[in-house]
Amino acid sequence: MSSASPAFLMRLMASTFSIAEKAQTIVQQVMSGGDLGIVEKTGANDLQTKADRLVQISICSSLARKFPKLTIIGEEELPSQDIDESLIEAGQSEDVLKYSCPTQYSHIKEDEIVVWVDPLDGTKEYTEGLLDHVTVLIGIAYDGKAIAGVINQPYYNYQAGAGAVLGRTIWGILNLGVFGIQLKEVPEGKHIITTTRSHSSRLVNDCICAMNADEVIRVGGAGNKVIQLIEGKASAYVFASPGCKKWDTCAPEAILHAVSGKLTDIHGNPLQYHKDVKHMNSAGVLATLRNFDYYASHVPDSVKKELVP
């Protein structure tokens with residue numbers, strides 16, 4: 001890299017990578033401590049744990065301290081409190097800084113970025129011990145569009161036995177690429193759909209039925225489902241329902257788009273991520289690594305009519 005200072009986006013990504021690694025440590029520590037501190041937010045399928053709270057404080061405070069002009073929107077509504085300094089991550093990844101910023105993003109300034117944070121995607125699964133479903137999501141949006149993201153999977157490899165490295169951090173930027181994960185495609189002609197585990201409905205199932213799936217996988221977490229697409233475990237992520245929010249989709253969308261995949265609402269409309277946008281993805285989610293048009297063309301009109309953007 002030249003001696004010139006790295007572009008803002010690369011400095012932000014380098015910090016975000018280190019902050020996501022810190023989040024992994026917090027998530028693991030809360031689980032090994034045994035007291036998850038579970039509270040119900042709107043019901044039994046909408047939970048918050050001590051890990052959600054601590055990770056959000058860690059991510060948002062670490063970013064705000066280093067980049068005070070950022071707009072940061074996190075899932076959890078937390079009372080303002082004194083920050084425990086042990087939650088602050090001030091480091092940055094030198095590996096990320098080795099890459100040059102894509103030209104179209106090299107001019108971006110701090111106050112033009114919106115960061116969408118889901119401190120623990122798959123909270124319900126976390127409380128049930130389905131640890132591979134759990135991710136930490138930090139999405140970076142510019143001009144209303146998801147352009148970069150970091151997904152940490154704190155329990156990647158947790159069933160791989162002794163000696164396996166626990167956890168991984170995946171990051172990507174549009175027009176640069178995705179790092180920390182190997183791209184693999186589903187075998188040609190196979191239709192494997194990944195969908196919600198705990199928020200199923202008539203609409204969700206009607207939509208899946210119309211897709212002529214060979215297999216349907218029901219798992220938790222939007223981040224986890226997009227990882228399945230990238231690793232060739234599923235060919236489409238179909239969620240024909242309101243329910244997931246912008247912090248669920250921003251980082252996964254950016255990473256999927258950086259490997260030439262596609263994530264939209266159920267109508268095929270792009271999602272918007274500017275700071276004043278409504279948080280709910282009220283027209284659902286449709287995402288694929290390849291063959292998006294096949295799945296989009298199989299969404300029934302009856303489903304589209306019920307899901308208004």
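All figures in this text were calculated on a predicted structure; none of them were measured in a lab. Values below: every heavy atom of this structure, side chains too, minus hydrogens, waters and symmetry copies. Here, residue 1 is the first one in the sequence, and each next residue gets the next number.
- Atom CD1 of Ile140 sits about 7.5 Å away from atom CD1 of Ile173, to the nearest 0.5 Å.
- A single hydrophobic cluster is seen to contain both Val299 and Val216, as judged by linkage of ILVMFWY side chains at heavy-atom distances under 4.5 Å, directly or through other members.
- Of the listed residues (Ile72, Thr71, Val277), just one forms a side chain to side chain contact (heavy atoms under 4.5 Å, CB included) with Val114, and that residue is Thr71.
- No donor-acceptor distance shorter than 3.5 angstrom exists from the side chain of Glu128 to the backbone of Leu130, with no hydrogens or angles considered.
- Side-chain atoms of Thr195 and Ile217, non-hydrogen and from C-beta on, never get closer than 4.5 Å to each other.
- The CD atom of Gln56 sits 5.5 Å away from atom CD of Glu76, with the distance rounded to the nearest 0.5 Å.
- The side-chain heavy atoms of Pro300 and Cys207, taken from C-beta on, include a pair separated by under 4.5 Å.
- Residues Ser93 and Asp95 have side chains that never bring a donor and an acceptor to within less than 3.5 angstrom of each other.
- Counting heavy atoms from C-beta outward, Val226 and Leu263 have side chains that approach closer than 4.5 Å.
- Between the side chain of Glu112 and the backbone N or O of Asp143, no donor-acceptor pair lies under 3.5 Å.
- By the 4.5 Å heavy-atom criterion applied to side chains, Leu166 and Gln28 are counted as neighbours.
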Q: For side-chain hydrogen bond (donor to acceptor under 3.5 Å, both in side chains), just list the numbers for Ser282 and Lys278, CA-CA rounded to whole Å, side-chain angles, deciding distance to a tenth of an Å, and then say yes or no.
A: CA-CA 9 Å; Ser282 49; Lys278 68 175 177 180; 2.8 Å; yes
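- In this structure, a donor-acceptor pair under 3.5 Å is absent between the side chains of Thr264 and Asn269.
- Of the possible polar contacts, none joining the Asp248 side chain to the Cys244 backbone as a donor-acceptor pair under 3.5 Å is found.
- In this structure, Val96 is not a member of the same hydrophobic cluster as Leu137, with clusters built from ILVMFWY side-chain heavy atoms closer than 4.5 Å.
- Judged purely by distance below 3.5 Å, without hydrogens or angles, the side chains of Arg53 and Gln48 pair a donor atom with an acceptor atom.
- Rounded to the nearest 0.5 Å, atoms CG (Leu229) and OH (Tyr237) are 9.0 Å apart.
- A donor-acceptor pair is defined here as one N or O able to donate and one able to accept, closer than 3.5 Å; such a pair exists between the side chain of Asn281 and the backbone of Lys245.
- Taking the ring centroids of Tyr273 and Trp247, they lie at or beyond the 6.0 Å cut-off.
- At a threshold of 4.5 Å between non-hydrogen side-chain atoms, the residues Phe179 and Phe17 do not count as touching.
- Minimum heavy-atom separation, Ala296 to Leu286: CA-CD2, 3.6 Å.
- Lys41 has no carboxylate O lying under 4.0 Å from a charged side-chain N of Glu77, or vice versa, which leaves the two without a salt bridge.
- When side chains are defined from C-beta on, Leu131 counts as touching Met31, because their heavy atoms get closer than 4.5 Å.
- Between Glu85 and Arg65, at least one side-chain N (NZ, or NE/NH1/NH2) sits under 4.0 Å from a carboxylate O, which counts as a salt bridge.
- For Lys50 (side chain) and Asp35 (main-chain N/O), no donor-acceptor pair under 3.5 Å exists by modelled atom type.
- Judged purely by atom type and a 3.5 angstrom limit, Ser235 has no side-chain atom pairing as donor or acceptor with the backbone of Val186.
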Using residues 302-309 as the side-chain source, report each donor-acceptor pair under 3.5 Å to any protein atom, sequence neighbours left out, with the distance given to one decimal.
residue : atom : partner : partner atom : Å
Glu306  : OE1  : Arg202  : NH2          : 3.3
Glu306  : OE2  : Arg202  : NH2          : 3.0

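- The hydrophobic clustering, which links ILVMFWY residues whose side-chain heavy atoms are closer than 4.5 Å, places Ile73 and Val117 apart.
- You'll find the ring centres of Phe67 and Phe8 inside the 6.0 Å limit.
- In this structure, the side chain of Thr49 engages the main chain of Ala51 through a donor-acceptor pair within 3.5 Å.
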(Q) Between Ser198 and Lys124, does the side-chain hydrogen bond (donor to acceptor under 3.5 Å, both in side chains) criterion hold? Intermediate values first, please. (A) CA-CA 8 Å; Ser198 52; Lys124 186 169 194 285; 5.2 Å; no
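- Placement of Val115 and Leu87 within a single hydrophobic cluster is found when ILVMFWY residues are connected by side-chain heavy-atom separations under 4.5 Å, directly or transitively.
- Side-chain contact check for Asp121 versus Val136: every heavy-atom pair is 4.5 Å or farther apart.
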Q | Stepwise side-chain contact (heavy atoms from CB on, under 4.5 Å) test for Gln153 and Ile227 | A | CA-CA 10 Å; Gln153 209 172 6; Ile227 287 171; 3.7 Å; yes
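- Hydrophobic clustering, with ILVMFWY side chains joined whenever heavy atoms are under 4.5 angstrom apart, groups Ile138 together with Val134.
- For Glu215, there are no salt bridge (charged side-chain N to carboxylate O under 4.0 Å, His left out) partners, not counting sequence neighbours.
- The aromatic ring centroids of Tyr155 and His133 lie 6.0 Å or more from each other.
- Once rounded to the nearest 0.5 Å, the distance linking SG of Cys209 with CG of Asn205 reads 6.5 Å.
- Salt bridge present: Arg290 and Glu185 bring a charged side-chain N and a carboxylate O closer than 4.0 Å.
- Judged by distance alone, with hydrogens and angles left aside, the side-chain atoms of Asn157 form a donor-acceptor pair with the main-chain N or O of Val165 at under 3.5 Å.
- Residues Tyr156 and Gln24 form no side-chain contact, since every pair of their non-hydrogen atoms from C-beta on lies 4.5 Å or further apart.
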Q: I would like to know whether Leu36 and Tyr126 meet side-chain contact (heavy atoms from CB on, under 4.5 Å); could you show each step before the answer?
A: CA-CA 9 Å; Leu36 299 186; Tyr126 180 68; 4.0 Å; yes
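- Counting heavy atoms of neighbouring residues, nucleotides and ligands inside a 6.0 Å radius, atom NZ of Lys145 does not exceed 12 of them.
- Residues Ser18 and Glu89 have side chains that never bring a donor and an acceptor to within less than 3.5 angstrom of each other.
- Taking all atoms of both residues into account, the shortest heavy-atom contact from Glu75 to Pro119 is CB-CD, 4.1 Å.
- Atom CG of Asp52 sits about 11.5 Å away from atom CD1 of Ile26, to the nearest 0.5 Å.
- Residues Pro6 and Arg11 share a closest heavy-atom pair of O-NE, 3.5 Å.
- Rounded to the nearest 0.5 angstrom, Glu125 CD and Thr135 OG1 are separated by 10.0 Å.
- Summarising the geometry of Ala258 relative to Leu174, their closest heavy-atom pair is N-CD2, 3.6 Å, with the distance given to 0.1 Å.
- Within the 3.5 Å criterion, the main-chain N or O of Leu54 finds no donor-acceptor partner in the side chain of Ser58.
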Q.
Pair Ile57, Ile83 - check side-chain contact (heavy atoms from CB on, under 4.5 Å), show working.
A. CA-CA 8 Å; Ile57 292 165; Ile83 306 302; 3.9 Å; yes
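- Sorted by first then second residue, the salt bridge (Lys or Arg N to Asp or Glu O under 4.0 Å) pairs that include residues 149-175, not counting sequence neighbours, are Arg168-Glu231.
- The backbone N or O of Tyr294 lies less than 3.5 Å from no partner atom in the side chain of Asn291, so there is not a single donor-acceptor pair.
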**Q.** Verdict with reasoning, Val178 to Leu183, per side-chain contact (heavy atoms from CB on, under 4.5 Å)
**A.** CA-CA 9 Å; Val178 169; Leu183 189 68; over 6 Å; no
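- The shortest non-hydrogen separation linking Ile230 to Ile255 is CD1-CG2, 3.6 Å.
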